[in-house]
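Have a look at the structure below before the remarks.
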Amino acid sequence: KSDLSSVPSPLTIYGVDATVMVWKTDNLEGRVYGDFVKIMHFNQGFVFGARSSFLLDSTIFVDLRIERYLFQNHFLPNYYNSFYERERFNDDVDTLSYITKATRLSDTASGKGNGFKFGSFLNFSDKVQVGVTYAHLDNLDHADLLQISLTFPTIWWRFFGAINYERRNIDGPGDYFGFDENTLASARLSFQPFKFLTLSLITRWTFARDEHDHVFTQSIIEPKAVFIARF
């Protein structure tokens with residue numbers, strides 16, 4: 001384990017990417033790539049992948065990729081993901097025993113981050129975009145992660161939006177879709193009245209089950225304004 005008392009906050013993470021184009025034509029390209037990531041005071045991980053992009057026809061663009069993770073001790077894949085804000089502290093334990101994600105990082109055993117990730121992206125005439133990623137770990141059961149995004153670049157005039165579904169701790173194909181503490185869902189509707197301003201309304205849903213196995217939902221609605229400066 002790492003000595004958490006000597007680890008500064010916030011954590012510092014470095015990364016290096018390298019990509020090699022293997023083939024390229026007007027409608028098809030393929031490449032291989034590698035990533036190196038170092039979490040200071042902990043350890044490092046490697047990602048090796050292959051990616052191909054092509055046009056099925058004049059209206060459908062497809063992008064596919066597959067990655068292999070090789071992580072050493074004290075490394076958590078997807079350390080920062082959509083569940084991060086919920087996982088920063090585990091408040092199911094008493095106040096004297098808070099478990100931080102840094103503690104989990106320190107306790108992570110060798111090889112438990114090794115695995116594969118598959119990703120796909122489809123663009124239908126810039127009207128609808130679908131993205132799917134699925135991550136599987138070699139030596140951890142019930143720990144797969146599924147992310148699905150549905151994006152609408154142009155709904156009407158200057159309106160656009162997206163819908164997202166994410167599920168972790170998946171236990172086989174029958175568990176891809178469900179609504180409990182392992183699921184996050186969100187939706188965003190945005191409006192850009194000017195090139196330098198985007199107004200959004202974001203809704204997020206979390207789910208849990210009570211002692212009778214009934215699902216109850218919590219939702220958060222967040223207005224957001226983004227000012228864009230181009231130089």
Side-chain angles (χ1 to χ4, degrees), residues 10-11 13 15 17 19 26-27 29 31 33 35 49 51-65 67 77-89 101 117-135 144-170 176-209 215-231:
L11 294 178
I13 301 178
D17 303 334
T19 301
D26 290 341
N27 296 325
E29 70 174 41
R31 64 188 68 196
Y33 57 91
D35 299 336
R51 182 174 184 176
S52 181
S53 305
F54 51 92
L55 289 170
L56 285 180
D57 56 34
S58 60
T59 62
I60 302 176
F61 171 80
V62 180
D63 184 279
L64 302 174
R65 69 182 186 275
E67 298 176 346
N78 300 306
Y79 185 83
Y80 292 109
N81 58 27
S82 298
F83 290 90
Y84 179 78
E85 290 299 323
R86 297 186 65 190
E87 291 181 336
R88 286 193 302 169
F89 291 97
K101 287 201 75 172
K117 175 183 279 188
F118 169 79
S120 64
F121 173 82
L122 289 83
N123 186 350
F124 299 91
S125 301
D126 289 330
K127 301 294 185 182
V128 179
Q129 298 172 344
V130 181
V132 179
T133 61
Y134 189 86
D144 291 4
L145 176 67
L146 172 66
Q147 299 172 297
I148 301 175
S149 63
L150 191 62
T151 304
F152 305 94
T154 304
I155 296 177
W156 172 74
W157 194 38
R158 297 178 181 177
F159 288 88
F160 53 96
I163 301 172
N164 298 284
Y165 169 88
E166 308 195 26
R167 185 160 176 80
R168 63 180 180 181
N169 299 332
I170 293 173
Y176 289 161
F177 297 96
F179 296 94
D180 52 32
E181 65 277 1
N182 292 315
T183 303
L184 290 179
S186 64
R188 171 179 52 83
L189 179 63
S190 298
F191 171 57
Q192 192 170 42
F194 308 101
K195 290 184 177 180
F196 59 85
L197 176 64
T198 299
L199 304 176
S200 298
L201 190 64
I202 302 170
T203 303
R204 297 182 177 91
W205 295 274
T206 59
F207 309 89
R209 292 182 179 272
V215 176
F216 60 92
T217 304
Q218 290 183 317
S219 62
I220 298 175
I221 299 177
E222 173 188 357
K224 185 176 183 179
V226 177
F227 293 92
I228 304 168
R230 293 182 173 88
F231 299 96

Flag for Gln147-Tyr134: side-chain donor and acceptor within less than 3.5 Å: no
Does a donor on one side chain and an acceptor on the other come within less than 3.5 Å for Ser190 and Arg188? yes
Taking only residues at least two apart or on different chains, which pairs with a member in residues 217-226 satisfy side chain to side chain donor-acceptor pair (under 3.5 Å)? Arg204-Glu222
Can you run down the side chain to side chain donor-acceptor pair (under 3.5 Å) pairs that involve residues 149-161, sequence neighbours left out, and say none if there aren't any? none
Might you work through the side-chain contact (heavy atoms from CB on, under 4.5 Å) test for Phe124 and Phe61, ending with a clear yes or no? CA-CA 7 Å; Phe124 299 91; Phe61 171 80; over 6 Å; no
Atom [atom1] of [X] and atom [atom2] of [Y]: how far apart are they, to the nearest 0.5 Å?
X: Phe216; Y: Phe207; atom1: CZ; atom2: CZ; value: 11.5 Å
X: Phe152; Y: Leu189; atom1: CZ; atom2: CG; value: 11.0 Å
X: Asn27; Y: Leu56; atom1: CG; atom2: CG; value: 10.0 Å
X: Thr133; Y: Phe121; atom1: OG1; atom2: CZ; value: 13.0 Å
X: Glu181; Y: Thr206; atom1: CD; atom2: OG1; value: 10.5 Å
X: Thr19; Y: Asp17; atom1: OG1; atom2: CG; value: 6.5 Å

Determine, stepwise, if the pair Val62 / Ile60 fulfils side-chain contact (heavy atoms from CB on, under 4.5 Å). CA-CA 7 Å; Val62 180; Ile60 302 176; 4.2 Å; yes
Can you confirm whether Ile220 is buried at CD1, in the sense that more than 12 heavy atoms of other residues, nucleotides or ligands lie under 6.0 Å from that atom? no
Checking side-chain hydrogen bond (donor to acceptor under 3.5 Å, both in side chains) between Thr183 and each of Arg168, Arg167, Glu166, which is the one that passes? Arg167
State yes or no: are the ring centers of Tyr165 and Phe177 separated by less than 6.0 Å? yes
Search all heavy atoms of Ile170 against all heavy atoms of Leu145 and return the closest pair with its distance. CD1-C, 4.2 Å
If every non-hydrogen atom of Leu64 is compared with every non-hydrogen atom of Ser120, which pair is closest and at what distance? CD2-CB, 3.6 Å
Output yes when Asp144 and Lys117 qualify as a salt bridge under the 4.0 Å nitrogen-oxygen rule, no when they do not. no
Indicate yes or no: does Arg31 engage Glu29 in a salt bridge with an N to O separation below 4.0 Å. yes
Apply side-chain contact (heavy atoms from CB on, under 4.5 Å) to Leu201 and Ile221, showing your working. CA-CA 7 Å; Leu201 190 64; Ile221 299 177; 3.7 Å; yes
Quick one: are Tyr33 and Arg65 in side-chain contact, heavy atoms under 4.5 Å? yes
Could you check if a side-chain atom of Leu150 sits within less than 4.5 angstrom of a side-chain atom of Gln129, using non-hydrogen atoms only? no
Step-by-step side-chain contact (heavy atoms from CB on, under 4.5 Å) determination, Phe191 to Phe159: CA-CA 5 Å; Phe191 171 57; Phe159 288 88; 3.7 Å; yes
Tell me every residue that passes salt bridge (Lys or Arg N to Asp or Glu O under 4.0 Å) with Asp63, counting only those two or more places apart in sequence or in another chain. Arg51
